Amino acid sequence: MPELPEVETTINGLRILKNKKVIKVKVYTKKLRYNIPDYIHKTITGQRIKEINRIAKYILIKFKNNITIIIHLGMSGRLKILKKNFIKEKHDHLMLYFRDNYVLALNDTRKFSFVDVVETENICNKKYISSLGIDALSNKLSADYIYGKIHKSVVPIKQILLNQHIVAGIGNIYASEILFDAKISPLTLGRDLLADQINQIIKSIKKILKKAIRYKGSSIRDYRSFDGTLGNFQSNFKVYGKAGKKISSYEIIKIIQYGRTTYFCPKIQKEQNSN
DNA sequence: CACTCTCCCTGAAAGC
DNA sequence: TGCTTTCAGGGAGAGT
């Protein structure tokens, strides 16, 4: 579920917790992808949230005592904000109770999410943070940068887009959507991409991700209540999940690349070498 | 080093 | 209908 637009939408929803004080921390499932550190209790109980932001798909909840909770949502994780008379649901693994009856719950069916607790100034010492490439929405993302990373690569562009060490934030759905928008075949190898194509990919990254964020943002009720709905962007998918459907008489197909599904329209998305 | 594959986990959907 | 198999939006770590 959570790629960059979902994470962005989530942190926008979480901002109502700014300045609120944690009065209790409950860990219902310690072992997620990694164990939730035991010291989460004493490091944030009684503390107020200073700010909430993200690095790529990592959510950072920063407290005023210089502690940051880092949350990665994995495949199926989501954060819910609950009010006083909430009911704990299946797969709620961590709950932060705030003054004023707010509760923040991490719910994750598949337990691929993780929660880390670090001193704020040491966030970048975490290997999973420091090894990230440039954020997909950063204006530092340039064709020169991408070219430098991929001009010798024999990996297909679809997989390159999923590589968080190159561009951070794109996931499996938006990778297909971005390449369709750029009219580039997901099979094209990194070293075969032309400068124009790299520029086009960057444009499509911004366009698709921003549009996705806009659609989530337009359904405020969805994320304010954190009811698990995906927002409205699904109906905007052009190719993802649409194998067998047609775009102006050209068929969309599904292939498997590196164990992940890719959807594309071969007639519209050309490989440079096949022309 | 660069690339590829498996695995972590649960449940919905597809297959039989 | 009910049982079995496949697959899912992420990413680390092992293997080649």
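The structure presented is a predicted model; accordingly, all values stated were derived computationally and were not measured. Here is how names work: the chains are called A, B, and so on, in the same order as the sequence lines, proteins then strands, and each is numbered from 1.
Base pairing of B:dC9 is not made with any nucleotide, judged by Watson-Crick or G-U wobble geometry with both donor-acceptor distances under 3.5 Å.
Taking atom CG of residue A:Leu32 and atom C1' of nucleotide B:dC8, one finds them 12 Å apart after rounding to whole Å. Following rounding to the nearest Å, A:Lys31 (NZ) and B:dC7 (C1') show an atom-to-atom distance of 11 Å. Per the geometry, OH belonging to A:Tyr34 stands 10 Å off P belonging to C:dG11, to the nearest Å. The interatomic distance linking A:Ile173 (CD1) with C:dC7 (P) rounds to 17 Å, in whole Å. At whole-Å resolution of the value, CD in A:Gln257 and C1' in B:dT6 are 18 Å apart. Summarising the geometry, the separation between CG on A:Asn163 and C1' on C:dG11 is reported as 10 Å, rounded to the nearest angstrom. Between the CE atom of A:Met75 and the C1' atom of B:dC7 there is a distance of 12 Å, given to the nearest Å. In this structure, A:Phe112 places its CZ atom 10 Å from C1' of C:dG11, rounding to the nearest Å.
Ion pairing between A:Glu177 and A:Lys238 fails under the 4.0 Å rule for side-chain N and carboxylate O. Remark: A:Lys203 does not engage A:Asp181 in a salt bridge, criterion side-chain N to carboxylate O under 4.0 Å.
Side-chain N/O atoms of A:Thr261 include one lying less than 4.0 angstrom from OP1 or OP2 on C:dA8. For B:dC3, the OP1/OP2 oxygens have a side-chain nitrogen or oxygen of A:Ser153 closer than 4.0 Å. Under 4.0 angstrom from either OP1 or OP2 of C:dG9 there lies at least one side-chain N or O belonging to A:Tyr240. Dashed line: the shortest gap from a side-chain N or O of A:Lys57 to OP1 or OP2 of C:dG11 is under 4.0 Å.
Remark: the separation of the P atoms in B:dC9 and C:dC3 is 25 Å, to the nearest Å. Between the P atoms of C:dG9 and B:dA13, the separation comes to 15 Å (whole Å).
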Review item, side-chain donor-acceptor pairs of residues 102-109 of chain A, under 3.5 Å, at least two apart:
from, atom 1, to, atom 2, distance (Å)
A:Asn107, ND2, A:Lys90, O, 2.9
A:Asn107, ND2, A:His91, O, 3.4
A:Asn107, ND2, A:Asp92, OD1, 2.7
A:Asp108, OD1, A:Ser76, OG, 2.5
A:Asp108, OD1, A:Gly77, N, 3.3
A:Asp108, OD1, A:Arg110, N, 3.3
A:Asp108, OD1, A:Lys111, N, 3.4
A:Asp108, OD2, A:Lys111, N, 3.3
A:Asp108, OD2, A:Phe112, N, 3.1
A:Asp108, OD2, A:Ser113, N, 2.9
A:Asp108, OD2, A:Ser113, OG, 2.7

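Using the six-membered ring where Trp is involved, A:Tyr240 and A:Phe237 have ring planes that are perpendicular, over 60° apart on the 30 and 60° scheme. Relative ring orientation between A:Tyr58 and A:His72 is described as perpendicular, the plane-to-plane angle rising above 60° on a 0-90° scale split at 30° and 60°.
Around atom NZ of A:Lys20, more than 12 heavy atoms belonging to other residues, nucleotides or ligands sit under 6.0 Å away.
Here the side chain of A:Lys254 is nearest to one of C:dG11, B:dC9, C:dA8, namely C:dA8. Each of B:dC3, C:dG10, C:dG11 was ranked by its minimum atom distance to the side chain of A:Asn172; first place goes to C:dG10.
Not a single donor-acceptor pair under 3.5 Å links the side chain of A:Gln269 to the backbone N or O of A:Pro186.
In this structure, A:Tyr128 has its ring center under 6.0 Å from that of A:Phe114.
Within the 4.0 angstrom heavy-atom criterion, no nucleotide atom of any strand lies near A:Gln159.
Each of A:Lys152 and A:Gly259 has a nearest nucleotide on DNA chain B; the 5'-most of these lies closest to A:Lys152. Comparing A:Ser131 and A:Tyr263 along DNA chain C, the residue whose closest nucleotide (by nearest heavy atom) sits nearer the 5' end is A:Tyr263.
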Could you encode protein contacts along nucleotides 10-16 of chain B as a string, one character per nucleotide from 5' to 3', using B for base contact, S for sugar-phosphate-only contact and - for no contact, with a heavy-atom cut-off of under 4.0 Å? BS-----
